[in-house]
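These notes are about the structure you will find just below.
First listed ligand is number 1; within each ligand, the first listed atom is number 1. We're numbering straight along the sequence, starting at 1.
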Amino acid sequence: MIVLDGCVIAGGDIGHVAFEGDRIVSVGAGDGPDGERIDASGRLATAGLVNCHHHLYQSATRGQSQQATLFEWLVELYPKWARIDAGVERAAARAGLAALLLSGCTTASDHHYVFPRGAGDLLEVEIEVARELGIRFHPCRGSMDLGKSAGGLPPDEITEDRDEILAACAAAIDRWHDPSPGAMLRIALAPCSPFSVTRELMRETAELARARGVRLHTHMAETVEEEEFCKELFGMRPVEYLEELGWLGDDVWLAHCVHLNEHEVARFGATGTGVAHCPSSNARLGAGIAPVVPLVRAGAPVGLGVDGAASNEAGELGGELRQALLFARLAGGPAALSAHEALELGTVHGARCLGREDELGTLEAGMLADVVLWRLDDLDHAGIEDPVAALVLGPRPLADRVFVGGREVVRGGELLTGDAERIAHDLAAASARLAAGVRA
Ligand SMILES: [Zn+2]
């Protein structure tokens with residue numbers, strides 16, 4: 001039994017969080033049960049944050065195409081991503097997942113859709129890295145089969161054959177998906193976007209996912225250009241297209257969803273379709289502000305995502321709590337979203353997007369012991385009226401200790417499961433090698 005002693009818990013009370021094995025056994029005022037006591041005074045305890053959208057490989061192409069729209073950015077970066085190999089993937093995934101753990105994220109999804117021919121199984125590489133670092137992982141087997149020659153956006157060289165994609169998706173589920181309670185790894189299927197995937201692949205992927213009981217994910221309604229593309233190619237708006245393909249439902253969560261009308265917001269709520277809100281990435285690409293508050297009011301889960309580090313060089317989830325709050329208030333005024341509601345996006349709503357709300361997202365007895373202690377006694381936060389305001393409105397606090405399933409992976413703000421300096425060194429080398437176009 002581990003007892004986090006003297007921490008600030010929900011509502012601002014001082015108390016304890018106790019866990020045994022991978023489960024929380026007690027949360028509340030007072031000292032709690034007997035066990036190995038860890039002094040948590042001056043720390044706010046929250047459930048670990050849940051990252052609902054990422055592209056880990058992009059950590060190797062940061063700082064490029066800095067003032068482009070989504071389509072311009074993609075067209076510039078696709079040829080570089082076509083050269084990614086297992087070495088680049090390993091270095092980028094290590095760096096991306098380490099950054100998440102160090103920013104208080106304990107569960108991460110990754111949307112991997114670039115599988116260059118001859119590069120090996122890059123999904124396997126990132127799964128190995130997630131296991132090594134100790135993060136709870138929901139990788140998506142992504143895909144692209146609509147190349148430029150058939151009217152899509154990506155060059156043909158980084159698309160795959162539809163039958164090969166579906167076989168690889170089925171194999172990924174067979175090999176890695178763990179449906180059991182407390183799972184550290186679950187697979188989802190995730191064709192990339194309307195402008196890089198055929199109608200047939202969207203339909204067949206949904207059929208496969210539903211037959212196998214795994215979740216569905218894709219990019220949706222990110223930019224005005226995407227809307228125009230869908231109207232031209234499919235004769236309808238992106239969400240209409242998705243609905244026609246059977247892609248709205250409570251087993252689906254979608255990245256971005258910036259450009260939704262009122263009817264579409266209501267459909268998300270009625271069907272329980274989830275949204276991965278990526279405020280920093282949307283801002284960097286000038287895509288717009290997603291209707292987060294209307295979606296939440298309609299009943300849709302709205303989790304947070306950092307998106308790939310090529311469109312959000314920060315790549316850390318703690319800071320997205322603040323971005324989400326500021327964006328919601330820019331769109332809807334100062335009362336639109338509270339600091340506590342912003343924290344719920346990063347925890348409870350994120351868990352719902354990934355279908356883990358019965359085990360993740362809140363600090364309660366019986367939930368998985370994914371716990372973060374945020375340091376609030378430092379210069380940036382000391383004395384602040386509301387500890388959650390310190391976390392959300394203040395500078396992102398140090399994630400002092402981070403536990404995933406009861407295992408400590410960060411202590412004193414330092415990664416215990418990897419050497420951060422070595423990871424940074426390897427990322428620099430991989431980024432340089434990729435930029436030079438040399439494969440290992
Ligand atoms: Zn994305």
Side-chain angles (χ1 to χ4, degrees), residues 50-62 64-65 68-78 80-81 84 89 92-93 96-97 99-100 105 108-115 122-123 126 137-144 146 152-154 158 188-197 202 205 215-227 229 238 242 247 252-260 274-290 292 302-317 320 323-324 327 350 353-354:
V50 178
N51 185 42
C52 295
H53 187 66
H54 207 329
H55 311 286
L56 289 166
Y57 70 88
Q58 290 181 12
S59 296
T61 54
R62 292 188 291 183
Q64 302 181 22
S65 196
T69 65
L70 173 70
F71 280 12
E72 292 162 355
W73 176 87
L74 283 168
V75 166
E76 187 173 334
L77 288 169
Y78 280 139
K80 298 177 183 182
W81 297 339
I84 285 169
E89 179 68 26
L97 291 174
L100 287 177
C105 172
S109 183
D110 188 57
H111 185 181
H112 190 90
Y113 57 85
V114 176
F115 292 91
L122 301 185
L123 198 67
E126 63 176 37
F137 199 37
H138 282 230
C140 304
R141 207 303 176 176
S143 52
M144 299 194 288
L146 183 66
L153 193 70
I158 49 168
L189 302 186
C192 187
S193 63
F195 47 84
S196 61
V197 174
M202 289 297 287
T205 303
R215 299 179 81 76
L216 285 165
H217 181 55
T218 189
H219 292 98
M220 182 46 41
E222 183 173 358
T223 64
V224 172
E225 290 86 352
E226 177 192 323
E227 195 173 305
F229 181 96
L242 212 61
W247 264 75
V252 180
W253 87 104
L254 305 166
H256 305 304
C257 302
V258 173
H259 300 279
L260 304 184
V275 171
H277 176 42
C278 305
S280 291
S281 171
N282 294 156
R284 187 198 189 274
L285 294 168
I289 301 178
V292 168
V302 182
L304 298 179
V306 296
D307 208 354
S311 68
N312 172 13
E313 278 74 1
E316 56 129 40
L317 194 57
E320 297 299 324
Q323 298 286 39
F327 273 42
C353 283
L354 300 186

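Formation of a donor-acceptor pair under 3.5 Å by the Trp253 side chain with backbone atoms of Arg215 is not found in this model. Using a distance-only test at 3.5 Å, with no hydrogens or angles considered, a donor-acceptor pair links the side chain of Asn312 to the main chain of Val306.
The nearest N, O or S atom of Cys278 is not closer to the Zn ion (ligand 1) than 2.8 Å.
His55 contributes NE2 as its N, O or S atom closest to the Zn ion (ligand 1). Among heteroatoms of the N, O or S kind in His219, NE2 lies nearest the Zn ion (ligand 1).
The angle that Asp307 OD1 and His53 NE2 make at the Zn ion (ligand 1), rounded to 10°, works out to 90°.
Taking the six-membered ring for Trp, His138 and His217 have ring centres at least 6.0 Å apart.
With Asp307 as reference, His55 is the one residue of His54, His55, Arg284 to meet the side-chain contact (heavy atoms from CB on, under 4.5 Å) rule.
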